[in-house]
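These notes are about the structure you will find just below.
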Amino acid sequence: MKVPLLAVLLLGAACASANFIFPLKVSPAEMKGAVPVAPATPKGAPGLLLASDPGGQINFFSMVNNLEGDSGRGYYLELLIGTPPQKMNILVDTGSSNFAVAGALNPDITTFFDSKLSTSYEPLNTQVTVRYTQGSWTGLLGKDVISMPKGVNGTFLINIASIFQSENFFLPNINWQGILGLAYSTLAKPSSSVEPFFDSLVQQENIPNIFSMQMCGAGQPSPGIGINAGSLVLGGIEPSLYQGDIWYTPITEEWYYQVEVLKFEVGGQNLNLDCTVYNSDKAIVDSGTTLLRLPDKVFNAMVDAIVQTSLIQNFNAEFWAGLQLACWDKTQDPWNYFPDISIYLRDTNSSRSFRLTLKPQLYIQSVLTFQESLNCFRFGISQSASALVIGATVMEGFYVIFDRAEKRVGFAVSSCAEVSGITVSEIAGPFGTSDVSSNCIARNPLREPIMWIISYSLMSLCGMILLVLVILLLLPNRHRRDDMETVNDESSLVQHRWK
């Protein structure tokens with residue numbers, strides 16, 4: 001998780017005379033403190049359809065619109081935990097694998113899960129710490145039963161971490177009290193032996209190993225006053241949530257939902273970067289990240305291309321860095337000034353690719369302010385020190401299918417990806433791949449889970465060495481009494497290390 005949305009206050013009177021302006025220094029993008037979220041505009045959709053379910057156990061109708069939230073502070077699902085049930089809102093995150101809830105009071109949340117009040121809670125007495133791109137928490141593992149008012153029917157026994165300490169994890173004015181990690185067990189902490197939530201659901205209910213997600217915040221001011229909707233469909237695909245065909249790209253490695261990005265286009269022009277640059281660390285699909293995050297080299301090339309192809313040439317660099325907003329008179333439509341952005345992904349047929357296209361309404365994002373005469377916007381793309389992350393900026397335009405059974409991620413145009421009656425996302429293909437490498441992923445054997453194993457092994461080895469040294473120090477001194485005051489260099493070094 002990841003990048004929280006800023007709450008920004010703008011100066012008013014000095015701004016009204018220009019078609020677009022950059023405010024005097026606006027607060028940094030990492031700023032906390034939120035303004036309430038704007039009401040979603042419900043989209044009139046055709047009658048809901050139920051996808052095929054071979055076992056007949058799942059009613060996808062009940063899962064439509066089971067999410068609430070916004071891209072800046074996340075989309076969350078209501079769960080009932082324990083006996084008697086305690087209601088919690090849980091952030092849906094495809095970029096991690098632990099299921100965790102607040103287990104103690106926190107100044108930024110209004111409720112927490114009290115394991116002492118649950119007769120079905122089973123403590124496992126194992127401490128776990130999880131760190132994200134932004135924020136971290138520490139908790140104690142246990143097991144308890146959960147149920148979903150708008151999900152798969154029944155109750156399920158799930159591994160759950162009760163968070164007792166956190167840093168920059170819970171944020172002001174959020175409406176969720178925990179996180180539901182939907183990635184693979186490889187990422188689970190403290191080890192992959194901790195079975196993730198969705199794995200337990202698949203095993204206990206024998207549902208298909210697939211889930212899909214729709215996030216309906218495109219074009220809505222963030223944060224605003226109200227709640228946008230969304231859907232998390234567990235066990236299948238809901239046809240009413242998308243338009244046209246579903247295009248699939250392989251999951252290249254089962255830890256995050258890692259995919260292979262082949263190229264980017266801005267205004268139809270290729271960025272002309274080697275495709276390994278896009279995948280140099282990893283390229284993942286992550287619902288818990290607010291923006292489209294690009295490695296430094298890709299981000300700089302993207303901004304240069306947007307500047308060259310847009311109708312506005314004098315944007316301040318701090319707008320692209322997320323440190324300032326751009327504001328227009330409410331009578332103007334700024335999206336007409338910016339180009340489309342396209343992402344090419346490798347198809348399941350490796351000799352083909354397909355293209356996801358984002359209209360400016362997805363990446364030039366409306367931000368709620370107190371200006372009556374101006375609409376203000378932020379840049380929905382940011383720099384990343386390592387990974388390329390396909391976050392909410394992209395996902396709000398598409399219905400995304402995480403087909404774990406077939407090891408692939410699917411994309412289709414979302415039925416709610418409309419702004420003022422205009423569809424703001426497109427999918428096209430197939431395209432050839434002769435202009436890119438047959439393999440754009442630089443294999444790195446030292447992936448994060450292996451690094452954790454190495455770290456734990458080294459810590460265990462150091463602990464054993466220290467234990468031996470302590471035992472040696474505590475053994476009866478064999479020197480003569482007149483030598484007892486003598487301290488040699490070696491023992492001093494040991495004592496210094498121990499401190």
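One-based numbering along the sequence shown. Just so it is clear, the structure is predicted and the values come from calculations on it, not from any experiment.
Phe319 does not carry Arg378 over the face of its six-membered ring by the limits of under 6.0 Å from the centre and within 45° of the normal.
Ser287 contributes a side-chain N or O that, together with a main-chain N or O of Thr94, makes up a donor-acceptor pair within less than 3.5 Å. Between the side chain of Glu68 and the main chain of Ala229, no donor-acceptor pair closer than 3.5 Å is present. Of the possible donor and acceptor atoms, one in the side chain of Lys189 sits under 3.5 Å from a partner among the backbone N and O of Leu187. Side-chain N or O atoms of Ser425 include none that pairs as donor or acceptor with a backbone N or O of Phe398 at under 3.5 Å. Between the side chain of Ser231 and the main chain of Val233, no donor-acceptor pair closer than 3.5 Å is present. Using modelled atom types, one side-chain atom of Thr126 and one backbone atom of Leu124 make a donor-acceptor pair closer than 3.5 Å. With hydrogens and angles ignored, the 3.5 Å screen pairs a side-chain donor or acceptor of Asn159 with a backbone N or O of Glu195. The backbone N or O of Asn89 lies less than 3.5 Å from a partner atom in the side chain of Gln177, making a donor-acceptor pair.
Under the 4.0 Å criterion applied to side-chain N and carboxylate O atoms, Arg355 and Glu426 are not assigned as salt-bridge partners. Using a 4.0 Å cut-off between charged side-chain N and carboxylate O, Asp286 and Arg293 make no salt bridge. At a threshold of 4.0 Å, the pair Arg404-Asp199 counts as salt-bridged, since one of the basic side-chain nitrogens sits closer than that to a carboxylate oxygen. Note on Lys150 versus Glu78: no salt bridge recorded, every NZ/NE/NH1/NH2 to OD/OE distance being 4.0 Å or above.
Using a 4.5 Å heavy-atom cutoff, the side chains of Leu345 and Ser353 are not in contact. In this structure the side chain of Asp340 never reaches within 4.5 angstrom of the side chain of Leu358, judged on heavy atoms.
For the pair Asn279 and Val259, the tightest heavy-atom approach, listed with the atom from each and the gap, is OD1-O, 3.6 Å. Closest of all the heavy-atom pairs between Ser212 and Gly236 is OG-O, 2.9 Å. Closest approach of Leu79 and Pro149 over heavy atoms only: CA-CD, 4.4 Å. Of all non-hydrogen atoms in Ser200 and Ile158, the two that sit nearest each other are CB-CD1, 3.5 Å. The minimum heavy-atom distance between Tyr257 and Ala183, with the atom names listed, is CE1-CA, 3.7 Å.
Taking CD1 of Ile179 as the reference point, atom CG of Asp93 lies at 4.0 Å (rounded to 0.5 Å). Atom CZ in Phe197 sits 13.0 Å away from atom OG in Ser97 (nearest 0.5 Å). Here the CZ atom belonging to Phe338 is positioned 6.5 Å from the OH atom belonging to Tyr363, to the nearest 0.5 angstrom.
A donor and an acceptor atom, one from each side chain of Asn349 and Ser351, are located under 3.5 Å apart. Looking at Glu167 and Ser136, their side chains never bring a donor and an acceptor atom within 3.5 Å of each other. Under 3.5 Å, the side chains of Ser192 and Ser185 contain no donor-acceptor pair of N or O atoms. Using a 3.5 Å distance cut-off with no hydrogens or angles, the side chains of Thr357 and Ser342 do pair a donor with an acceptor. A donor-acceptor contact closer than 3.5 angstrom is absent between the side chains of Tyr399 and Ser415. Donor-acceptor pairing under 3.5 Å is lacking for the side chains of Thr252 and Glu260. Between Thr393 and Gln365, the side chains place a donor N or O and an acceptor N or O closer than 3.5 Å (distance only, hydrogens not considered).
The side-chain contact (heavy atoms from CB on, under 4.5 Å) test with Leu201 singles out one residue from Asn209, Ile207, Asn206, and that residue is Ile207. Considering Asp347, Asp403, Thr348 as possible partners of Arg408, the one that fulfils the side chain to side chain donor-acceptor pair (under 3.5 Å) test is Asp403. Screening Tyr76, Phe169, Tyr75, Phe112 for a ring pair (Phe, Tyr, Trp, His ring centres under 6.0 Å) with Trp176, the sole residue that qualifies is Phe169.
Aromatic rings of Trp255 and Tyr184 (six-membered ring for Trp) have centroids beyond the 6.0 Å cut-off, not under it. In this structure, Tyr344 has its ring center closer than 6.0 angstrom to the ring center of Phe431.
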**Prompt:** When you look at Asn439 and Ser437, which way does the side chain to side chain donor-acceptor pair (under 3.5 Å) test go after all the steps?
**Reply:** CA-CA 5 Å; Asn439 181 12; Ser437 170; over 6 Å; no

**Request:** Starting from the C-alpha separation in whole Å, work towards a yes-or-no answer on side-chain contact (heavy atoms from CB on, under 4.5 Å) for Ile163 and Thr138.
**Result:** CA-CA 6 Å; Ile163 300 172; Thr138 298; over 6 Å; no

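A perpendicular orientation is assigned to the rings of Trp335 and Phe377, their planes being inclined by more than 60° (bins at 30° and 60°). Using cut-offs of 30° and 60° on the angle between ring planes, the pair Phe211 and Phe198 is perpendicular.
Atom NZ of Lys297 has 12 or fewer heavy atoms from other residues, nucleotides or ligands within 6.0 Å. Annotation for Gln204: atom CD counts as buried by contact number, over 12 foreign heavy atoms lying within 6.0 Å.
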